There are 4 protein chains.
Amino acid sequence: MFNIDQRSSTPIYQQLVQEIKEAILRGALQPGDKLPSVRDLASRLTINPNTIQKSYQELERQKVIETLRGKGTFVCLDYQAREDKEKMRELKENLRKTLVEAHYLGLDQERIVKLVRQLMQELGIGEGLE
Amino acid sequence: MFNIDQRSSTPIYQQLVQEIKEAILRGALQPGDKLPSVRDLASRLTINPNTIQKSYQELERQKVIETLRGKGTFVCLDYQAREDKEKMRELKENLRKTLVEAHYLGLDQERIVKLVRQLMQELGIGEGLE
Amino acid sequence: MFNIDQRSSTPIYQQLVQEIKEAILRGALQPGDKLPSVRDLASRLTINPNTIQKSYQELERQKVIETLRGKGTFVCLDYQAREDKEKMRELKENLRKTLVEAHYLGLDQERIVKLVRQLMQELGIGEGLE
Amino acid sequence: MFNIDQRSSTPIYQQLVQEIKEAILRGALQPGDKLPSVRDLASRLTINPNTIQKSYQELERQKVIETLRGKGTFVCLDYQAREDKEKMRELKENLRKTLVEAHYLGLDQERIVKLVRQLMQELGIGEGLE
DNA sequence: GTGGTCTAGACCACA
DNA sequence: GTGGTCTAGACCACG
């Protein structure tokens, strides 16, 4: 289901956030779909329920999923990107960092753009959200 | 000199590594140039010397700079991009993550590629190292 | 009829209590009026009957409505505001919390008072119950 | 220091968030001040460190406090209210609820406004943030 | 059944 | 020293 690397240095809960967002992006999870319950996912991934909980809450803060009390957690029907200057700044910073790394690995402009396009295709990024 | 954000969630030593690599990339630091001493930089940036030290060690490990005992620390003359599958894997992972974020911020394919090209130009990334 | 938001973080049964009290306040429900039966309301709002039941019990506890066995549930004819130090304490606590939030949203004294007066007018709060 | 009621039904971490915001509002905590460390506050309030942590992280998300890695947590120097339609909606909802309660406790328009003004004075709410 | 909160205790990275 | 993450296990409110 979701691909978690226990040995990775990036926190498990962040990995899960990322995995779920990707799953939604590529359509494996559709708007309105029910996510596995905290306990269920925890036992399947052999991860502590609190950790799953943290991921779900983070996704809820980002308005990607929503919880209906007593019923479970669901992919939002109406996700819409909101202008967020802070996040945009962070995005650029991350991208800078990544591009510098790419350069030091010997990739030139064209190979980088090619890689970006390839990854976008894998992820299913097309013409925006709206 | 170097742009450090104490509040950022990315560790200071990593920010500094990043800043130095960028300075080399855009030519502000040339191969063979001497870097400021640990103490000097620490006092100028009002950062703990141990933190500067950690950055220099990391850059040395990456063969970007080298220390000549008693003389100081210098930008390597002969940086060679090496094939590094592990780093390549990390790079792709970071890029995936960044692209997913970009999508959720509402950017479409074209705007992302545009942003990538713009940042590469700012950084001075051209036709590769070799 | 009643406005329930399944996604809200406040429990459904509490939302319903609130809605019914508001309906009485603005006169949509008059003293002596019959409330819909639990089953009826449950099916109309697509909410679990237990939840409706809980709301009615809470309102009965507060002496806002009363149940006549075999006949149904009715808005009390003779609601009397009672001095209740515990509830008064809670009220102040809630108000404090709300006012702090308002401040952190950038509202100043005058805008807050204006908002309070506006809401009271909408709700139909005038010169007290007695 | 901070007033926490272990028996209250509102979560401890939320109470603490509220208490800290009030302390800043009335000037007991000034912009730039260091907050007690997680462990310190935990032992003083005899509350689990994780709970304190949760409060601090919530406040950080709200840009009320910020953490400097390895140094501690500090009241933000530059808090500024941001337009947030979602929060504004919530605020009005809370206020409605509170006003309805006030009415059912027998308070009329004038007594409510008086109470609001009194609480704002106690809290130190004046002419807005800027 | 669901998610939300809390405790106890552990380990880690950062400065 | 600081905060950040994770586990284990418990209890609660809600529907």
Side-chain angles (χ1 to χ4, degrees), chain A residues 4 6 8-16 34-43 45-58 60 65-74, chain B residues 4 6 8-16 42 45-55 58, chain C residues 4 6 8-16 42 45-55, chain D residues 4 6 8-16 34-43 45-60 65-74:
Chain A
I4 301 297
Q6 298 264 13
S8 166
S9 65
T10 70
I12 293 173
Y13 84 95
Q14 279 183 22
Q15 288 182 52
L16 185 53
K34 186 176 185 307
L35 290 163
S37 83
V38 169
R39 290 161 169 83
D40 178 21
L41 194 50
S43 75
L45 300 177
T46 56
I47 283 173
N48 189 289
N50 288 330
T51 306
I52 310 285
Q53 177 82 324
K54 199 168 178 181
S55 302
Y56 279 16
Q57 286 182 344
E58 175 61 23
E60 194 166 9
I65 66 178
E66 60 189 355
T67 114
L68 274 57
R69 278 167 330 302
K71 292 192 174 174
T73 309
F74 302 83
Chain B
I4 301 298
Q6 298 263 13
S8 166
S9 65
T10 70
I12 291 173
Y13 86 95
Q14 278 183 24
Q15 287 183 54
L16 186 53
L45 300 176
T46 57
I47 282 176
N48 191 310
N50 294 331
T51 306
I52 309 286
Q53 184 70 356
K54 195 164 181 180
S55 302
E58 174 62 20
Chain C
I4 301 297
Q6 298 262 14
S8 165
S9 63
T10 70
I12 291 172
Y13 85 95
Q14 278 182 25
Q15 287 182 55
L16 186 53
L45 300 176
T46 57
I47 282 175
N48 191 310
N50 293 330
T51 307
I52 309 286
Q53 184 70 356
K54 196 164 179 180
S55 302
Chain D
I4 301 298
Q6 298 265 10
S8 165
S9 67
T10 71
I12 293 173
Y13 84 94
Q14 279 183 22
Q15 289 181 53
L16 186 53
K34 187 179 183 305
L35 290 162
S37 83
V38 170
R39 290 161 169 82
D40 178 21
L41 194 50
S43 74
L45 300 177
T46 56
I47 283 174
N48 190 289
N50 288 331
T51 306
I52 309 286
Q53 176 83 323
K54 199 167 177 181
S55 302
Y56 278 17
Q57 286 181 344
E58 175 59 24
L59 285 165
E60 192 165 10
I65 66 178
E66 60 189 355
T67 113
L68 274 57
R69 278 168 329 301
K71 292 192 176 176
T73 309
F74 302 83

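Just so it is clear, the model here is predicted, and its values are computed rather than measured. Chain letters run A, B, ... following the sequence lines, proteins first and then strands; every chain starts at 1.
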request  = Sequence neighbours left out, what passes side-chain hydrogen bond (donor to acceptor under 3.5 Å, both in side chains) with D:Q14? Give chain and number order.
outcome  = none

key: Pairwise side-chain contact, B:L16 with B:T51, heavy-atom cut-off 4.5 Å (strictly under)   = no

request  = Could you point out which residue of B:N50, B:L45, B:T46 forms a side-chain contact (heavy atoms from CB on, under 4.5 Å) with B:N48?
outcome  = B:N50

note = Rounded to whole Å, the CG-P distance (D:N48 to E:dA10) equals 13 Å

query = Who pairs with A:T10 by side-chain hydrogen bond (donor to acceptor under 3.5 Å, both in side chains), at least two apart in sequence or on another chain?
reply = A:S8

Interface polar pairs with nucleotides 2-5 of chain F, N/O, under 3.5 angstrom:
residue, atom, partner, partner atom, Å
F:dT2, OP1, D:S37, OG, 3.2
F:dG3, OP1, D:T73, OG1, 3.3
F:dG3, OP2, D:V38, N, 2.8
F:dG3, N7, D:R39, NH1, 2.7
F:dG3, O6, D:R39, NH2, 3.0
F:dG4, OP2, D:Q53, OE1, 3.1
F:dG4, OP2, D:Q53, NE2, 3.0
F:dT5, OP1, A:Y13, OH, 2.9
F:dT5, OP2, A:K54, NZ, 3.2

query = Separation of B:Q15 atom CD from E:dC14 atom C1', in whole Å?
reply = 12 Å

request  = Pick base, sugar-phosphate or nothing for A:I47, based on heavy-atom distances below 4.0 Å to the nucleic acid.
outcome  = sugar-phosphate

request  = May I have the distance from A:I52 (atom CD1) to F:dA8 (atom P), rounded to whole angstrom?
outcome  = 12 Å

query = What residues, two or more places apart in sequence or in another chain, satisfy side-chain hydrogen bond (donor to acceptor under 3.5 Å, both in side chains) together with C:Q6?
reply = none

query = Between B:E58 (CD) and E:dC14 (P), how many Å, whole number?
reply = 10 Å

With C:Q53 via side-chain hydrogen bond (donor to acceptor under 3.5 Å, both in side chains) - residues at least two apart = none

query = Could you state the interatomic distance from CD1 (C:I12) to NZ (C:K54), rounded to the nearest 0.5 Å?
reply = 11.0 Å

Side chain to side chain contact (heavy atoms under 4.5 Å, CB included) between D:Y56 and D:L35, worked out = CA-CA 9 Å; D:Y56 278 17; D:L35 290 162; 3.6 Å; yes

query = In dot-bracket, 5' to 3', how would DNA chain F read with Watson-Crick or G-U wobble pairs under 3.5 Å, [ ] for crossing ones and | for pairs to another strand?
reply = ||||||||||||||.

